[in-house]
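First listed ligand is number 1; within each ligand, the first listed atom is number 1. Because the structure is predicted, anything quoted here is derived from the model rather than measured.
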Amino acid sequence: MSGRATNLLRSLAVAAVAAVSLWLSASAGAQPALPISDRDAHMGVATCSGSTCHGAVAAMPGIGIMQNEFVTWQRRDKHAEAYKVLLNERSKRIARNLGLESAHTAAMCLDCHADNVASNRRHTTFQISDGVTCEACHGGAGRWIGSHITAGATHAANIQNGMYPTDDPVARARLCISCHFGDQTRLVTHRIMGAGHPRMSFELDTFTALQPAHFEVDADYRARKRSYSGVQTWAIGQAIALDSMLAVATDPQKSRDGIFPELVLFDCHSCHSPMSQLNWAPRASTGLGPGIPKFNDSNSLMLGIIAARVDPALGTQFRERMLALHRATVQSHDAMQNEAKALRPVLQQLIQKFAGHSFAAADLIALVEGVLTDGMAGNYVDYAGAEQATMALGTILNSMRQTGAVDQAKFQAMNRALDKVFSAVDNDEKYAPETFAAALRDFQTAAR
Ligand code: HEC
Ligand code: HEC
Ligand code: HEC
Ligand code: HEC
């Protein structure tokens, strides 16, 4: 996690973000096309940024949406910089190392760093240099640009007209993760990492707030749209993140590179850590011996905890399948692919369960206990797991406050203890499991 992300995250637990009303319709079935492959004309940001549209200087009270979304995006949202970073020294070096002519003209980079739709869907006002624009998330506005501002416009009608359903956590997770990890068409492969691309991490609820969010889930929002609690968003995001890795693991082309599997599927630090750092210990969650690169299990550790609470039988099935996947990685490529295939339907079931579960105070307390118990059992010796556990605690604590599961005094004590947990994962290269474990123990004391 970058220092900037960590600093923002520290203030996150005290900011009211989401609310808890439920509209239980997350469907894991037919999914809408992502904006990069929708069928609509993309107009470019200039079309959205009028001062009476989304370009107000400050949030407008009392009219539903904030109307300053453009200003928030332009000034505070890194997506507005996403194209520009392709012109910097780091990108030049990555491009050189990969033998690309330049980063800002390569589809390999533009597919995630801009709204790189096919040329026949670029309206005359479209500019590739705008970066990850409104339409890269909300879908090409060709059909809805006019209708979404007419009297009587509804969110459902906008979606009919090609707006992407970012309010649905399954659809939102697929969208964000398609760039923050990859999908069928784009992926930061280990070769791109090797050329110098930064390591990526993602958690849906945390990153929604970090972006920063240019929407507020209040009564009027809930009347217009589906809304889910932060913990549901987190849970569903974990399932889609793991599913996206499994999609790559089962893809005949993407899953291997010569005699090696695609290494971004594995825990970076199982190879990238100093040889003097003798951290290896048996792990119940993988069952693997020493000296074996480990399939990235940071999302599955969280899913095991959530599933155990929401549906224990399905949780056991999930954990057994996950162990089988870890075992298969030391058998053969075919065995790994088969286990990855078998795990995907279990994830679909979990998503349905999470979408239909209203997380009550007792659930939230149990989830915190689950994270802490796993921590004490040594499951976060590796950085990636510790990083996910930290974002999980932030998300759960936020929901605890919103549902009144903690009083103000305890919330503040826990929030202070959370600061130390965040500091312990500030820098993956300086990560020390003992420091993290100590911070978790303090958090546990504050939670009691
Ligand atoms: C699958 C999507 C994807 C692809 C493909 C991709 N990137 Fe990225 N890139 C990202 C995301 C997401 C981040 C932000 C990671 C974070 O901060 O968590 C990022 C971050 C970066 C950064 C660091 C930006 C900063 O603010 O410091 C650079 C530089 C970069 N990418 C260059 C490239 C180049 C050059 C290519 C093409 C060779 C490329 N990327 C391909 C998604 C992608
Ligand atoms: C990285 C993805 C992303 C980008 C880029 C983005 N948005 Fe959003 N936007 C979201 C998400 C997620 C939501 C919340 C879910 C929802 O309400 O659909 C949202 C919500 C909104 C809402 C609805 C607020 C409400 O109360 O209903 C508006 C309006 C909006 N965005 C406008 C914009 C504009 C204008 C831009 C460009 C200047 C933009 N967005 C860029 C992801 C994005
Ligand atoms: C089209 C690709 C794309 C999509 C879709 C996308 N992102 Fe990003 N995101 C990026 C890139 C590229 C960066 C890095 C930009 C930079 O560093 O300048 C980034 C950066 C971020 C950052 C800043 C991270 C940091 O280290 O400061 C957050 C937060 C974020 N994205 C959240 C989201 C969320 C939430 C969604 C879904 C609603 C989303 N993104 C969808 C490409 C995308
Ligand atoms: C199975 C072991 C393994 C895993 C897992 C792995 N890597 Fe690597 N990585 C390597 C090897 C081997 C190299 C090549 C070193 C060389 O070129 O000398 C490398 C090179 C790199 C480099 C370039 C370092 C340099 O010297 O220029 C980066 C950056 C990198 N990996 C990032 C990652 C990230 C991020 C992940 C996780 C998403 C990851 N790696 C997962 C083995 C691994």
Side-chain angles (χ1 to χ4, degrees), residues 1-2 4-5 35 45 47-49 53-55 64-74 77-82 84-95 97-98 100 102-104 106-113 115 130-138 148 155 158 163-169 171-172 175-183 185-202 204 207-208 210-211 213-218 220-221 224-227 260-261 263-272 292-296 384 428:
M1 214 181 308
S2 72
R4 174 183 178 268
V45 227
T47 318
C48 321
S49 61
C53 301
H54 298 292
I65 69 159
M66 294 174 156
Q67 290 200 272
N68 66 341
E69 296 85 4
F70 170 74
V71 175
T72 304
W73 173 83
Q74 192 186 41
D77 190 325
K78 278 204 159 188
H79 294 114
E81 302 292 315
K84 264 178 238 142
V85 303
L86 296 181
L87 300 166
N88 74 15
E89 285 310 314
R90 185 170 193 167
S91 290
K92 285 190 182 136
R93 180 173 177 273
I94 298 173
N97 289 346
L98 292 171
L100 302 171
S102 66
H104 67 284
M108 183 195 274
C109 311
L110 289 172
D111 279 351
C112 294
H113 284 261
D115 188 23
D130 286 342
V132 177
T133 56
C134 320
E135 288 166 294
C137 287
H138 292 294
H148 87 298
H155 189 54
N158 294 336
M163 190 180 273
Y164 188 79
T166 40
D167 56 328
D168 178 285
R172 189 192 305 172
L175 169 72
C176 311
I177 291 166
S178 72
C179 289
H180 283 264
F181 169 70
D183 63 4
T185 61
R186 38 196 165 169
L187 178 68
V188 179
T189 59
H190 187 260
R191 285 188 186 224
I192 301 181
M193 293 289 183
H197 197 279
R199 191 184 74 89
M200 295 209 271
S201 66
F202 190 77
L204 185 60
F207 273 56
T208 295
L210 258 182
Q211 191 186 341
H214 46 251
F215 63 96
E216 202 179 349
V217 182
D218 49 15
D220 119 83
Y221 182 100
R224 291 182 283 114
K225 290 177 172 176
R226 292 166 283 204
S227 69
F260 294 106
L263 296 182
V264 280
L265 297 173
F266 290 79
D267 184 349
C268 313
H269 302 92
S270 58
C271 298
H272 293 285
I292 298 166
K294 175 182 58 152
F295 190 90
N296 181 344
D428 65 311

Q: Flag His79 as yes when one of its N or O atoms lies below 3.5 Å from any N or O atom of ligand 2, and as no otherwise.
A: no
Q.
For atom 29 (C) of ligand 2, which of the options Arg172, Arg226, His54 provides the nearest non-hydrogen atom?
A. His54
Q.
With heavy-atom distances below 4.0 Å as the criterion, list the atoms of ligand 4 near Phe266.
A. 5 (C), 37 (C)
**Q.** Atom indices of ligand 2, in the order listed, that fall short of 4.0 Å to a heavy atom of Phe215
**A.** 13 (C), 14 (C), 19 (C), 24 (C)
Q. Hey, does Pro293 have a side-chain heavy atom less than 4.5 Å from the side chain of Leu263?
A. no
(Q) I'd like to know whether ligand 1 has Phe202 as a neighbour, heavy-atom separation below 4.0 Å. (A) no
Q. Where on Asp111 is there a heavy atom closer than 4.0 Å to ligand 1, on the side chain, on the backbone, on both, or on neither?
A. neither
Q) Quick one: which ligand 2 atoms are inside 4.0 Å of a heavy atom on Asp167? A) 15 (C), 16 (C), 18 (O)
Q: Measure from atom 8 (Fe) of ligand 2 to each N, O or S atom of His214 and report whether any distance is below 2.8 Å.
A: yes
Q: Around atom 28 (C) of ligand 4, find the nearest protein heavy atom and jot down its residue, atom name and distance.
A: Met193 O, 3.5 Å
**Q.** Which residue and heavy atom of the protein sit nearest atom 2 (C) of ligand 4, plus the separation
**A.** Cys271 SG, 1.8 Å
Q | Ligand-residue contact atoms, ligand 2 with Val132, heavy atoms, under 4.0 Å | A | 5 (C)
Q: Taking atom 8 (Fe) of ligand 1 as the reference point, name the nearest N/O/S atom of His197.
A: NE2
Q. When only distance counts, is Arg199 in polar contact with ligand 1, meaning an N/O pair under 3.5 Å?
A. no
Q. Does Leu87 offer a backbone N or O that forms a donor-acceptor pair with the side chain of Ser91 under 3.5 Å?
A. no
Q. Purely on distance, is any nitrogen or oxygen of Trp73 under 3.5 Å from one on ligand 2?
A. no
Q) Parallel, tilted or perpendicular for His148 and His54, by the 30°/60° rule? A) parallel
Q.
Among all protein heavy atoms in this structure, tell me which lies nearest to atom 34 (C) of ligand 4, with the distance rounded to 0.1 Å.
A. Cys268 SG, 3.4 Å
(Q) For Cys109, which part has a heavy atom under 4.0 Å from ligand 1: side chain, backbone, both, or neither? (A) both
Q | Closest contact, heavy atoms only, Met108 versus Leu98 | A | SD-CD1, 3.9 Å
Q: For Thr133, take its heavy atoms, then give the atoms of ligand 2 lying under 4.0 Å from any of them.
A: 5 (C)
Q. Does some non-hydrogen atom of Lys78 fall short of 4.0 Å from ligand 1?
A. yes
Q: Starting from atom 11 (C) of ligand 4, locate the nearest protein heavy atom and write down its residue, its atom name and how far away it is, to 0.1 Å.
A: His190 CE1, 4.1 Å
Q) Considering the options Arg172, Arg224, His155, which one meets the side chain to side chain donor-acceptor pair (under 3.5 Å) requirement together with Asp167? A) His155
Q. Can you find an N/O atom of His272 closer than 3.5 Å to an N/O atom of ligand 4?
A. yes
Q.
When you measure from the heavy atoms of Pro198 to every atom of ligand 1, does any distance fall below 4.0 Å?
A. yes
Q) Hey, does Glu216 come in under 3.5 Å of ligand 2, counting only N/O atoms on both sides? A) no
Q) Is there a nitrogen or oxygen of Arg224 sitting under 3.5 Å from a nitrogen or oxygen of ligand 2? A) yes
**Q.** ligand 2 to Lys225 polar contact by distance, N or O atoms, under 3.5 Å
**A.** yes
Q.
Check contact between Thr208 and ligand 2, using heavy atoms of the residue and a distance below 4.0 angstrom.
A. no
Q. So which protein heavy atom does atom 27 (O) of ligand 4 come closest to, and at what separation?
A. Gly194 O, 4.0 Å
Q: Could you please spell out the steps behind the side-chain contact (heavy atoms from CB on, under 4.5 Å) verdict for Phe295 and Leu265?
A: CA-CA 6 Å; Phe295 190 90; Leu265 297 173; 4.0 Å; yes
Q: Using distance alone, determine whether Thr166 and ligand 2 share an N or O pair under 3.5 Å.
A: yes
(Q) Given Met108, Met200, Arg186, Arg191, identify the one with the heavy atom nearest to atom 41 (C) of ligand 1. (A) Met108
Q: Say whether His138, considering both its backbone and side-chain N or O atoms, lies within less than 3.5 Å of an N or O atom on ligand 2.
A: yes
(Q) With nothing but distance in play, are any N or O atoms of Asp267 less than 3.5 Å from an N or O of ligand 4? (A) no
Q: Taking atom 8 (Fe) of ligand 1 as the reference point, name the nearest N/O/S atom of His113.
A: NE2
(Q) Check contact between Cys179 and ligand 1, using heavy atoms of the residue and a distance below 4.0 angstrom. (A) yes
Q: Consider ligand 2: state whether an atom of it lies below 4.0 angstrom from any non-hydrogen atom of Asp77.
A: no
Q.
Heavy-atom pairs closer than 4.0 Å: do any link ligand 1 to the side chain of Glu81, the backbone, both, or neither?
A. neither
